[in-house]
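Written below as structure tokens is the structure these notes are about.
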Amino acid sequence: AAGDLGQELGWEVYAVGGFVRDILLGRPNLDLDLVVEGDGILFARKFAEKLGGRVKAHTKFKTAVVILDDGRRVDVATARLEYYEYPAALPTVELSSIKMDLYRRDFTVNALALRINPGRFGQLVDFFGAERDIRNRTIRVLHSLSFVEDPTRILRAIRFERRFDFQIGGQTMRLIKNALNLELFSKLSGTRVMHELQWIMNEEDPLACLMRMEELGIMEAIHPLLKLSRDRVQVLTELVKVHNWYKLLYLEHEITPWKLYVLGMTMGIKRDQIQKITQRLHFTRREEREFLQLRDMIGDALMKLMGWREGRSKLSRLYSILHPIPVEGILFLMARSRKEHIRRNISQYLSRLRYLTIEVNGNDLEEMGIEPGPIYTRILSRLTDAMIDGRATTRKKQLKLAQ
Ligand code: ATP
């Protein structure tokens with residue numbers, strides 16, 4: 001449909017970036033990025049009209065996002081060049097506007113375009129040897145100033161390298177080391193570092209990326225306190241396992257991976273030092289407060305869990321220890337617990353216990369003639385405990401207990 005629309009408007013349209021890379025790699029990718037040699041925003045509007053959807057446009061960048069009615073997103077960019085000034089330009093100049101667009105990208109493997117106009121549909125546009133690099137499984141920058149222009153590309157290089165099991169090319173690796181020698185990393189803003197770290201934490205195997213960063217001295221370049229010690233690697237290994245287990249539960253509540261992994265990355269840092277990290281990574285006030293709180297809660301819960309014994313301690317006690325803690329913190333506790341029975345019971349809590357609801361509510365208590373007040377919370381929480389410990393199951397039994 002996009003190709004046909006391009007034809008109607010007289011503009012060349014290309015699928016670009018990760019979408020094309022993943023086609024060649026045979027990997028699924030639903031994020032379609034289009035580049036239009038024309039007016040990207042106008043194209044996006046017409047596209048949304050045709051297929052049903054809405055458009056968010058950034059006039060400044062001449063880009064737009066089409067959100068189709070079925071939820072899919074299509075990013076549309078404008079390949080800019082003197083295209084407008086020379087409408088009768090030769091085809092070669094027309095071609096060079098997509099070339100310019102691709103040249104601004106990070107790596108050859110992301111600088112591929114696929115023509116989608118009818119007649120030329122499926123033609124690969126490869127100016128920089130991307131197909132060869134994909135075949136050789138190599139991550140390569142397009143020019144030698146790439147990392148100076150944008151040091152976050154170093155983290156992107158590592159992310160793609162680990163995700164696809166590629167290798168960063170020789171010259172590209174020299175450029176990375178050079179950028180590190182120039183201390184480009186220490187000058188990089190916390191917001192940008194954190195942004196890239198978050199992408200890394202969303203990968204299948206974030207630890208592989210973090211270890212590659214450590215190997216290249218990037219962790220310390222971000223902040224000396226972030227050096228990836230063996231202890232941290234061990235905990236992070238457990239965190240990846242626990243996180244994968246959690247993903248397999250397919251629960252509605254998805255976690256925020258960085259909150260989990262940053263706990264592991266900063267393990268062992270004392271309370272009075274931790275703010276150096278939250279400030280370096282430019283946490284917002286709220287993120288910082290929540291992160292510090294989470295660390296405290298975890299410390300507290302670890303102590304309490306030491307005294308919890310399966311069979312002897314009540315399940316409701318475990319519930320009350322874990323209930324106030326965000327899931328990221330609970331997963332961290334699970335990863336940190338050496339005792340098998342604690343891990344098993346925490347997993348029980350996450351997959352079942354925390355969803356328990358009691359059938360009794362305030363109205364029931366009022367009907368029973370109990371004067372409304374703080375006592376309601378106490379009664380209801382006792383009832384919850386009774387449910388958890390298996391002392392009450394039906395509504396009738398619960399009401400009796402409440403009396
Ligand atoms: P993913 O599969 O992780 O979504 P992607 O290649 O689609 O990978 P995005 O981060 O969505 O990556 O970026 C889309 C495209 O924009 C990339 O393919 C790349 O060409 C370009 N790009 C993104 N970030 C940069 C950057 N820092 N420098 C240059 N080009 C970039």
Side-chain angles (χ1 to χ4, degrees), residues 13-36 40 44 56 58 61-67 72-80 97-114 116 124-131 133-134 137-166 168-169 172 175-176 179 184-185 187-206 208-210 212-213 218 222 257-258:
V13 184
Y14 304 85
V16 294
F19 182 80
V20 185
R21 175 198 70 212
D22 287 346
I23 289 178
L24 295 195
L25 284 168
R27 293 171 68 102
N29 187 331
L30 298 175
D31 299 328
L32 180 58
D33 279 310
L34 296 178
V35 170
V36 178
K56 272 197 265 177
H58 295 276
F61 299 109
K62 296 195 181 136
T63 61
V65 189
V66 182
I67 299 141
R72 275 179 304 170
R73 285 168 53 107
V74 178
D75 283 284
V76 183
T78 306
R80 343 154 206 199
S97 81
I98 181 75
K99 186 173 184 177
M100 283 284 284
D101 181 278
L102 296 174
Y103 192 64
R104 282 187 287 108
R105 291 168 188 264
D106 45 7
F107 310 111
T108 59
V109 297
N110 288 338
L112 266 174
L114 196 66
I116 57 170
L124 209 55
V125 180
D126 181 4
F127 294 106
F128 312 107
E131 216 184 340
D133 287 342
I134 289 178
R137 313 182 78 77
T138 308
I139 302 292
R140 196 161 57 83
V141 283
L142 296 170
H143 57 85
S144 59
L145 286 178
S146 191
F147 295 125
V148 177
E149 243 170 55
D150 178 1
T152 61
R153 288 177 186 160
I154 297 177
L155 297 185
R156 291 178 60 87
I158 291 174
R159 185 156 63 86
F160 292 124
E161 185 197 51
R162 294 296 93 208
R163 184 200 297 171
F164 302 129
D165 197 13
F166 276 23
I168 294 174
T172 299
L175 295 170
I176 289 182
L184 292 184
F185 245 94
K187 291 178 202 109
L188 198 60
S189 84
T191 313
R192 302 203 60 204
V193 174
M194 195 55 202
H195 189 75
E196 286 305 323
L197 274 178
Q198 288 180 12
W199 284 117
I200 285 178
M201 311 299 185
N202 286 336
E203 289 288 318
E204 197 76 15
D205 189 356
C209 298
L210 294 178
R212 186 73 157 127
M213 285 168 66
I218 296 173
I222 297 175
W258 71 263

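Just follow the structure's listing: the first ligand is 1, and inside any ligand the first atom is 1.
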One should read off an interatomic distance between Ile200 CD1 and Ile158 CD1, to the nearest 0.5 angstrom, of 6.5 Å
Is the shortest distance from atom 27 (N) of ligand 1 to a protein heavy atom below 4.0 Å? yes
First locate atom CG of Asp22, then atom CG of Asn110, and finally report the distance between them rounded to the nearest 0.5 Å. 8.5 Å
Phe160 and Glu203: CA distance, side-chain angles, deciding distance, side chain to side chain contact (heavy atoms under 4.5 Å, CB included) verdict: CA-CA 10 Å; Phe160 292 124; Glu203 289 288 318; over 6 Å; no
Which ligand 1 atoms are under 4.0 Å away from a heavy-atom of Arg104? 29 (C), 30 (N)
Does any non-hydrogen side-chain atom of Leu112 lie less than 4.5 Å from one of Ile23? no
Can any side-chain N or O of Arg212 pair as donor or acceptor with the backbone N or O of Arg162 at less than 3.5 Å? no
If we only count N/O pairs under 3.5 Å, is Glu203 in contact with ligand 1? no
Counting from 1, what ligand 1 atoms have a heavy atom of Asp150 closer than 4.0 Å? 26 (C), 27 (N), 28 (N)
Check: Phe164 main-chain N/O paired with Arg137 side-chain donor or acceptor under 3.5 Å: yes
Got Leu25 and Phe166 here, is their nearest side-chain heavy-atom distance under 4.5 Å? yes
I need the nearest protein heavy-atom contact for atom 1 (P) of ligand 1: residue, atom name and distance, please. Arg163 NH2, 3.7 Å
If you measure every N/O of Asn29 against every N/O of ligand 1, is any gap under 3.5 Å? no
Atoms of ligand 1 close to Arg159 [distance to a heavy atom under 4.0 angstrom, numbered from 1]: 3 (O)
Kindly say whether Lys62 contributes a backbone atom to a donor-acceptor pair with the side chain of Thr78 at under 3.5 angstrom? yes
Polar-atom distance check: Arg156 versus ligand 1, any N or O pair below 3.5 Å? yes
Check whether any side-chain N or O of Arg159 sits under 3.5 Å from a backbone N or O of Glu196 as a donor-acceptor pair, and report yes or no. no
For atom 7 (O) of ligand 1, state which one of Gly17, Ala77, Gly18 supplies the nearest heavy atom. Gly18
Under 4.0 Å from a heavy atom of Phe160: give me the atoms of ligand 1 that qualify, with their elements. 6 (O), 8 (O)
Which residue owns the protein heavy atom closest to atom 4 (O) of ligand 1, what's the atom, and how far is it? Asp31 OD2, 4.5 Å
Does the Asp126 side chain pair with the main chain of Glu131, one donor and one acceptor, at a distance under 3.5 Å? yes
From the options Arg27, Glu196, Arg21, select the one whose nearest heavy atom is closest to atom 8 (O) of ligand 1. Arg21
What I want to know is whether Asp33 and ligand 1 share at least one N or O pair that is separated by under 3.5 angstrom. no
If you have a sec, work out which protein heavy atom is nearest atom 29 (C) of ligand 1 and how many Å separate them, to one decimal? Asp106 N, 3.2 Å
With atoms numbered from 1 as shown, which atoms in ligand 1 lie under 4.0 angstrom from a non-hydrogen atom of Asn110? 6 (O), 18 (O), 19 (C), 20 (O)
In this structure, atom 15 (C) of ligand 1 is nearest to the protein heavy atom Arg105 NH1, 3.7 Å
